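Here the structure is laid out as structure tokens; the discussion comes afterwards.
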Amino acid sequence: MIQTVPESLQKKKSLRAHLMILVSIALLPTLLFIAILVGVMTYQQVKSLDIGLKGTTRALSASLNNQISTIVSALEILIITEDFENADYKTLHKKLKRAVRDQEGWKSISIAFPTGEQIFNTYIPYGESLPSFKGAPFFEKTLLTKKMTISEYRIGLVSKEPLLSIAIPIKNKKGITHILIGSIDMPALSKSLRQQKLPAHWTAAVLDENATILARNRSMEKYIGTKATNKLAAHLASVDEDVFEDINKEGNETRGAFTKSKYTGWTVAISMPIDEMYGPIWSNLISIAIGAILLLSLGIIMANYYGNRISKPILALAQSGTRAHGEPVQSEVREIAEVAKALDTEAHKAQEAIAIRDTFLSVASHELKTPITSLQLQFQMLTRGLKTQIENDEKVEKSIQKISTQIKRITKLIDELLNITKISSGKLELQYERFKLNHLVEDVVAQFENEAISVSAQDKIEGHWDPSRLEQVITNLTSNAIKYGDGKPVHIELKKDQEFAYIAIKDQGIGIRPEDQTRIFDQFERVQHNHGISGLGMGLWITLKIIKSMDGDIQVESSEGAGSVFTVKLPLERKSGHTTPIFA
């Protein structure tokens, strides 16, 4: 007997059609939200890079200030230790010449009367005729202010080479008796810039108060003594610190930042190719756009495919004679209207399955919601702060630090989930190499720069392990020691014997009850409940798996309220014939 679908049901959309509409409705707002989020993140990424550029210029400027301050201090010591009024100038010439020779980057030291007449210059032998400093801007400024003065870019009167000079007045009760002028070799400043090890295509330069280039990390000989670009020079005249876009001396488009030092009056500027800055951002945007299109297309295709597979058996079930138990539930979906009554008896089973699913989702969402909510609040505060141009950079920096902390929490949760997946599927592989354990531990401790962590080592310990996974083990155990250490110092001890290396990580915190010391290495278990510490409870389980895969072991010694010691034992050499472990 051929069963026909009633006309009232034929007018309703099929389940497949509803699924396709649902997927489209669900994905389009999501894609819109992603687009907005990407836009905001792009803006924040640019701002973050700008903050990084400013921070680098400040660091370079501070380093330069320290370098000049050291030179000034050395010159002032010479003034204190020598009697310039009653000095034997020929003997003093020899002393100062030795001082110049002993100081890296010094060119010469001159002694002059307030009239500008030079008594001697260590660059040439004593007694030779010397030009006067009278009229030199930095010399006249020293006489006027009676304070230390740093010159602009100048050509030495004697050496005929580019110099920077520091003039310091020598005074007695009656006034200035002499002026000591220390001259710095220009390449020394450029050397300091190159030692900062900026990326190869970045440019760093030091400019005097007239926007003349004093030092440069690239093509120094070509551009030293030349003026900065017109755009940068105009910018320097209006503000002491900013971010700018310009075309550099080489003709390339750049984005950079500059900071002017109140101590020297010099400006440190750095710039990077604009393509290097925006290239990764555009690549990410394109990748996200392609991914969004593929996601939407895949969603529609899968909805059509599974809608067809689901609708056919549901329709067959509905036509098998289950309508005798009462009127079917009315629905806009034709197939659901036909099978609603037939599925009624199975509803309670579905509810049980949903309850189990909801329990799992509740746990997962609770762990992820807390950092995401905090991240969102900090992001809103930061956005409002940027819109109202808050001058207090410290508040903005604290907000950024809090956002960074929450991002690290989310990243750690995701990393744990990825590790769990790899371990469970047997795809977590080890890459062995020989290295020094001491260095690895030092690198891990450096990541916790704000924590009180001490390290003691028997001697240098070298072995054959997977450095990436061993770093993960040490990081997990150190992080736990800090979290459960009640704010007290953490100590890491390294030892070895003929066959094994031992890593002991000790805290002075809440401790672990004896009955819990085995349980904590299980999945979804924590050291102690109700302690206000979030996490999936997978860290020690992952740690144990990694250690076991390297033929090692881990032991814990602890008592409640007396701290804990986790000791990792690893063979120094990889076992003969041992293959890269893949474990489930």
Side-chain angles (χ1 to χ4, degrees), residues 63-82 84 87 89-90 92-145 147-170 176 178-193 205-210 212-216 220-221 224-226 261 263-266:
S63 175
L64 193 61
N65 287 347
N66 289 337
Q67 184 179 357
I68 299 301
S69 177
T70 300
I71 295 174
V72 170
S73 297
L75 294 174
E76 289 175 341
I77 290 173
L78 290 176
I79 293 174
I80 295 172
T81 56
E82 299 294 341
F84 288 85
Y89 290 128
K90 187 173 183 179
L92 184 59
H93 177 274
K94 291 181 180 179
K95 288 183 179 181
L96 297 185
K97 188 173 183 179
R98 285 196 300 269
V100 170
R101 187 170 57 247
D102 293 338
Q103 299 294 329
E104 182 180 0
W106 287 24
K107 192 72 173 179
S108 65
I109 294 178
S110 302
I111 303 296
F113 290 118
T115 60
E117 177 187 357
Q118 290 193 69
I119 301 173
F120 65 77
N121 187 319
T122 61
Y123 189 79
I124 60 175
Y126 180 81
E128 291 192 16
S129 178
L130 294 166
S132 174
F133 280 114
K134 186 174 180 60
F138 78 96
F139 188 87
E140 298 298 332
K141 184 178 179 181
T142 304
L143 292 174
L144 180 64
T145 62
K147 296 180 179 179
M148 182 272 294
T149 301
I150 300 175
S151 76
E152 67 286 349
Y153 172 88
R154 58 184 291 265
I155 300 297
L157 298 175
V158 176
S159 67
K160 306 301 181 183
E161 295 177 0
L163 294 175
L164 286 170
S165 297
I166 300 173
I168 304 177
I170 302 172
I176 298 175
H178 300 78
I179 293 180
L180 184 146
I181 299 100
S183 295
I184 307 169
D185 199 8
M186 299 294 284
L189 293 179
S190 296
K191 182 180 178 181
S192 296
L193 291 181
V206 180
L207 303 97
D208 66 13
E209 293 180 328
N210 299 320
T212 302
I213 297 175
L214 303 177
R216 204 170 188 264
M220 179 196 71
E221 297 80 8
I224 193 170
T226 64
S261 168
Y263 178 68
T264 61
W266 300 344

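The model shown is predicted, which means the values in this text are computed figures rather than measured ones. In what follows, residues are counted from 1 in the order of the sequence shown.
- Within the 3.5 Å criterion, the main-chain N or O of Asn210 finds a donor-acceptor partner in the side chain of Asp208.
- Across Leu207, Ile184, Leu164, a single residue satisfies side-chain contact (heavy atoms from CB on, under 4.5 Å) together with Leu214, and that is Leu164.
- Using the six-membered ring where Trp is involved, Phe113 and Tyr89 have ring planes that are perpendicular, over 60° apart on the 30 and 60° scheme.
- For the salt bridge (Lys or Arg N to Asp or Glu O under 4.0 Å) test, residues two or more places apart in sequence or in another chain that qualify with Glu82 are Lys95.
- Atom CG of residue Leu75 and atom CD1 of residue Ile80 lie 11.5 Å apart, to the nearest 0.5 angstrom.
- A search for salt bridge (Lys or Arg N to Asp or Glu O under 4.0 Å) contacts involving Glu161 returns Lys107, not counting sequence neighbours.
- Atoms OH and CG, on Tyr126 and Leu92 in that order, are 9.0 Å from each other to the nearest 0.5 Å.
- One distance of note links OH of Tyr153 with OG1 of Thr226; it measures 8.5 Å at 0.5 Å rounding.
- For the residue pair Lys160 and Leu157, the shortest heavy atom distance occurs at NZ-O, 3.1 Å.
- The salt bridge (Lys or Arg N to Asp or Glu O under 4.0 Å) check on Lys141 picks up nothing, with sequence neighbours excluded.
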Stepwise side chain to side chain contact (heavy atoms under 4.5 Å, CB included) test for Arg216 and Ile224: CA-CA 7 Å; Arg216 204 170 188 264; Ile224 193 170; over 6 Å; no

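- Residues Ser261 and Asn65 come closest through the heavy atom pair OG-OD1, 2.9 Å.
- No side-chain donor-acceptor contact under 3.5 Å links His93 to the backbone of Ile119.
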Check residues 97-106 and write down every donor-acceptor pair under 3.5 Å in which the side-chain atom is one partner and the other belongs to a residue at least two apart or another chain.
{"from": "Glu104", "atom 1": "OE2", "to": "Lys191", "atom 2": "NZ", "distance (Å)": "2.7"}

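- Between Ile176 and Pro169 the shortest heavy-atom distance is CD1-CB, 4.0 Å.
- Side chain of Thr122 to backbone of Ile109: a donor-acceptor contact under 3.5 angstrom is found.
- One side chain, Ser165 or Ser183, offers a donor N or O that lies under 3.5 Å from an acceptor on the other.
- In this structure, Asp185 CG and Leu163 CG are separated by 7.0 Å, a value rounded to the nearest 0.5 Å.
- To the nearest 0.5 Å, atom OH of residue Tyr263 and atom CE of residue Met148 are 4.0 Å apart.
- Here the CD1-CH2 distance, from Ile68 to Trp266, works out to 3.5 Å after rounding to the nearest 0.5 Å.
- The two atoms that bring Ser110 and Asn121 nearest to each other are OG-ND2, 2.9 Å, heavy atoms only.
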Sequence neighbours left out, cut at 3.5 Å: what donor-acceptor pairs do the side chains of residues 127-135 make with other protein atoms?
{"from": "Ser132", "atom 1": "OG", "to": "Gly116", "atom 2": "O", "distance (Å)": "3.1"}
{"from": "Ser132", "atom 1": "OG", "to": "Lys134", "atom 2": "N", "distance (Å)": "3.0"}

Chi angles and distances behind the side chain to side chain contact (heavy atoms under 4.5 Å, CB included) call for Leu96, Ile111: CA-CA 10 Å; Leu96 297 185; Ile111 303 296; 4.2 Å; yes

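- Nearest approach of Ala167 to Thr142, heavy atoms of both residues: CB-OG1, 3.4 Å.
- For Glu76, the side chain to side chain contact (heavy atoms under 4.5 Å, CB included) partners two or more places apart in sequence, or in a different chain, are Val72, Ile168.
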